[in-house]
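So that we are looking at the same thing, I have put the structure below in structure tokens.
The structure displayed is predicted, hence computed values, not measured ones. The basis for the numbers below is simple: all heavy atoms, side chains too, and nothing from hydrogens, waters or symmetry mates.
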Amino acid sequence: MSELITAELVDLDLSAETKSEAARSLAERMVSAGRVTDLDGFLADVAAREAQMPTGLDGGIGIPHCRSEHVAAPTLAFGRSRRGIDFGAADGPADLVFLIAAPAGADDDHLTILSSLARRLMDPGFTDALRAEADPAVAAALVRGEEAPATAPEPAEAATEKTATAERTAAKPFRIVAVTSCPTGIAHTYMAAESLEAAARAQGVVLDVETQGSAGFERLDPAVIAAADAVIWAHDVDVREKGRFGGKPVVDTGVKAGINRPAELIAEARAKAERGEISGIAEDGAGPAEGTGGPSGPSGHFGVRLRTYLMSGVSYMVPFVAAGGLLIALSFAIGGYEIAGAKSVADHFVWGESASWAALLNQIGTAAFGFLVPVLAGYIAYGMADRPALVPGFVGGAIALAIDAGFLGGLVAGLLAGAAVMAIQRVKVHPTLRGIMPVLVIPLLASIAVGFLMFIVVGKPIASLQNALTDWLNGLSGSNAVILGVVLGLMMCFDMGGPLNKVAYAFAVGGLADPTPGSLKVMAAVMAAGMVPPLAMALATTLRRSLFTRTERENGRAAWVLGASFITEGAIPFAAADPLRVIPSVMAGGAVTGALSMAFGCTLRAPHGGVFVVPLIGEPFLYVLAIAVGTAVSTALVVVLKGVRRTPGSGAPADDGPAVAVAA
């Protein structure tokens, strides 16, 4: 905070009576210091932020703040009021007012400032020193943290009051904010949130979770983030707008860790906060800033980061595949496969004719499919370098389509775009240019770089590889197709939503970007195998209730719906409780289902839906048969293995036994 506040930005006798007057008085100092270029425009942005939610904090503190295009550099002004000013805090008016201004293009700046300041404001010694200081230069130094206040002997009554205040502060609960996310955003995202919340309640920790799932996400209140002592990211796709969490200790891990060991993550967050380990977040929110320690955990390993980037792109691509695939499948169900060559419905639509409606659905679905590769590339880049990387990522994906590089071209284009943006962000620029970097300079330069590489350097080799893969899939038949089905089935069921599961799923979804008979068979096999684990566990808990705990039997009822909906994660509670028996059993059933689906020649254009899209599947009756056979195999195996006499301490089921570590 060394450059944020100077003596000229401090008013120790703030005469304002309202929060708008206080903001204007402090903003005028920013204008005089050359930090704000348009006073009225900046104050309008401050008022707009204040209208969203009051910025008063308990203890007589007001923190009005905003991002504004009228701010030249991140700035903090401080004012002290004798009368007190109402900023909406529950305990009354504020006498300490901090106005925080950040450039419009630097999302993390004002949050980093707000976070650091909020933590210091929890220290009674800091606020007492600001209330007592008579020199603006010393007050500015105190806010910057450059020198500690000199403490003179004080009366016994004041010492007693300070001791009581310190005890109240020490008694405040530890606060954590968390973000959970997974590639599909359907099950792991919310299961991790529930597990973290349950563990926090057990430890007396206040925890607020932001679930970045498929249904969108509601951002945590900036005031909640500012008041938090630590952050937990349990994610398999990149955390969105991570710059909001700048200046906090961060525990960075995968989403399954949030499900399986939430108490350990909370303990790690406490330890980091106690040690004062602050993870640096780059100005674009994409990662560690230069010269700072980045988040710990698996994100420090290249392989895990790469998977996270790729899964980020796949997670955003899936809704386009789902909508487009279902629309195309419906069009074929209504009008037959020949409808794909129908003329544009813009000129030939006839009310009441099924062929016109089928053509309409087909052309809408085809339009949705046209976004797959650009969205994949754009959000891979976004996962790497946040919003500035969206434009070059989309441009690279569009070029991949233009040169027939397909899904593989989109993967490479997204990685190139993210790398280009990250390289540009390392260049130091003058503070006055920061506002235009993410919206103009970075997208422009990165798009040029990605376009050159895709058109001139790597595009043609990737297109050749994509064509070879397509030919291989189309040529699959007999034993080769069955073997591929076995491999995909094993991958889908081994970790039930984990890395191997997502690799198989991403491979299948990628084939839908340029659908061929071979890629449609792969998608069918993957979804069929993914439905087996929860269905098998649901059937097993129904047939042999005595082999399962009461909690497992309750989870079994939910697993019927989860399995029918192609939510493989519905079997996780059973695998967590008894992995050596459950995982091999469901893998065997998944392998059988994948092999049968490929052998039967079943096809699928939709990447999700479970039994709800069976009428749109090629060879639907054989498809259901494949799932039923695989489910029966897994059920039989798990019943046999659980029926074998267990050794002492192996966790034999009992009605009053411990609950499973996680709940669906």
TODO: Take Val458 and Leu416, measure what side chain to side chain contact (heavy atoms under 4.5 Å, CB included) needs, and give me the verdict at the end.
DONE: CA-CA 10 Å; Val458 301; Leu416 289 175; 4.1 Å; yes
TODO: Hey, can you tell me if Tyr379 and Phe394 have their rings parallel, tilted or perpendicular (30° and 60° cut-offs)?
DONE: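 Plane angle over 60°, so perpendicular.
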Task: Check: Thr37 side chain, His70 main-chain N or O, donor-acceptor pair, under 3.5 Å - done: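 Yes, Thr37 side chain to His70 backbone: donor-acceptor pair under 3.5 Å.
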Task: Non-hydrogen side-chain atoms of Leu327 and Phe369 separated by less than 4.5 Å - done: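 Side chain of Leu327 against side chain of Phe369, heavy atoms only: no contact under 4.5 Å found.
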Open item on the list: Nearest 0.5 Å, please: how far is CZ in Phe507 from OG in Ser519?
Closed with: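 These two atoms lie 9.0 Å from each other.
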Task: Minimum side-chain heavy-atom gap Val522-Leu484 below 4.5 Å - done: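 In short, these two side chains touch, coming nearer than 4.5 Å.
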Open item on the list: What's the separation between atom CG in Leu330 and atom CG in Asn362, rounded to the nearest 0.5 Å?
Closed with: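 Going from CG on Leu330 over to CG on Asn362, the span is 10.5 Å.
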Open item on the list: Between Lys248 (side chain only) and Ile225 (backbone N and O only), is there a donor and an acceptor less than 3.5 Å apart?
Closed with: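 Between the backbone of Ile225 and the side chain of Lys248 there is a qualifying donor-acceptor contact (under 3.5 Å).
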TODO: State whether the side chain of Asp495 and the backbone N or O of Asn501 hold a donor-acceptor pair below 3.5 Å, judged by distance alone.
DONE: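 Confirmed, Asp495 side chain pairs with Asn501 backbone.
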TODO: Apply side chain to side chain contact (heavy atoms under 4.5 Å, CB included) to the pair Leu310 and Leu415, showing each step before the final yes or no.
DONE: CA-CA 8 Å; Leu310 297 179; Leu415 295 172; 4.3 Å; yes
Task: Student check: side-chain heavy atoms of Val250 and Trp233 closer than 4.5 Å - done: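 In contact.
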- [ ] Of all the heavy-atom pairs spanning Gly418 and Ala385, show the shortest one and how long it is.
- [x]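 Looking at all heavy atoms of both residues, the closest pair is O-CB, 4.0 Å.
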Task: Where Gly459 and Ala405 come nearest, the two heavy atoms and their spacing - done: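 For Gly459 versus Ala405, the nearest heavy atoms are O-CB, 4.3 Å.
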Open item on the list: Ignoring hydrogens, what is the shortest heavy-atom contact between Met531 and Ala564? Give both atom names and the distance.
Closed with: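 Shortest heavy-atom separation between Met531 and Ala564 comes out as CE-O, 3.9 Å.
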Open item on the list: Is it the case that atom CZ in Phe371 sees more than 12 heavy atoms from other parts of the structure closer than 6.0 Å?
Closed with: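 Open: at most 12 neighbouring heavy atoms sit under 6.0 Å from CZ of Phe371.
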Open item on the list: As a quick check of understanding, evaluate salt bridge (Lys or Arg N to Asp or Glu O under 4.0 Å) for Arg244 and Glu210, giving each step before the final call.
Closed with: CA-CA 12 Å; Arg244 296 174 292 157; Glu210 180 179 294; 2.8 Å; yes
Task: Interatomic distance, Arg240 atom CZ to Ser181 atom OG [nearest 0.5 angstrom] - done: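 Reported to 0.5 Å precision, the distance equals 7.5 Å.
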TODO: Tell me, with the steps shown, if Thr253 and Leu265 meet side chain to side chain contact (heavy atoms under 4.5 Å, CB included).
DONE: CA-CA 9 Å; Thr253 186; Leu265 300 184; 3.8 Å; yes
Task: Nearest heavy atoms of Val395 and Ser447, plus distance in Å - done: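 Scanning both residues completely, I find the closest heavy atoms to be CG2-OG, 4.2 Å.
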- [ ] Answer yes or no: is there a side-chain heavy-atom contact under 4.5 Å between Val421 and Met384?
- [x]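 They are not in side-chain contact.
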Task: Value rounded to 0.5 Å, distance of CG in Leu596 from SG in Cys602 - done: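 Atom-to-atom, Leu596:CG and Cys602:SG are 9.0 Å apart.
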Open item on the list: Could you tell me if the side chain of Leu196 sits less than 4.5 Å from the side chain of Thr180, heavy atoms only?
Closed with: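 Answer yes - side chains close enough.
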Open item on the list: Using side chain to side chain contact (heavy atoms under 4.5 Å, CB included), reason through Phe612 and Phe566 one step at a time and then give a plain yes or no.
Closed with: CA-CA 10 Å; Phe612 304 104; Phe566 180 41; over 6 Å; no
Task: Test item: Val613 and Arg605 side chains (from C-beta on) under 4.5 Å apart, heavy atoms - done: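 They are not in side-chain contact.
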Task: Distance-minimising heavy-atom pair for Met496 and Ile572 - done: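 Taking Met496 first and Ile572 second, the nearest heavy atoms are O-CD1, 3.6 Å.
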- [ ] Measure across Leu361 and Ser331 and return the closest heavy-atom pair with its distance rounded to 0.1 Å.
- [x]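 Scanning both residues, the minimum pair turns out to be CB-CB, 3.9 Å.
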Open item on the list: Once rounded to the nearest 0.5 Å, what's the spacing between atom CG of Leu488 and atom CD1 of Ile483?
Closed with: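 These two atoms lie 12.0 Å from each other.
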Task: pair Ile617-Thr603: side-chain heavy atoms closer than 4.5 Å - done: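 Not in contact.
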Task: Interatomic distance, Leu411 atom CG to Tyr309 atom OH [nearest 0.5 angstrom] - done: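 Spacing of CG (Leu411) from OH (Tyr309) equals 15.0 Å.
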- [ ] Kindly indicate whether the side chain of Tyr505, heavy atoms from C-beta on, has any atom under 4.5 Å from the side chain of Met527.
- [x]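 SC-SC contact between Tyr505 and Met527 ruled out.
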TODO: Please answer whether the main-chain N or O of Ala626 pairs with a side-chain N or O of Thr593 as donor and acceptor at a distance below 3.5 Å.
DONE: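 Judged by distance alone, yes, a pair lies under 3.5 Å.
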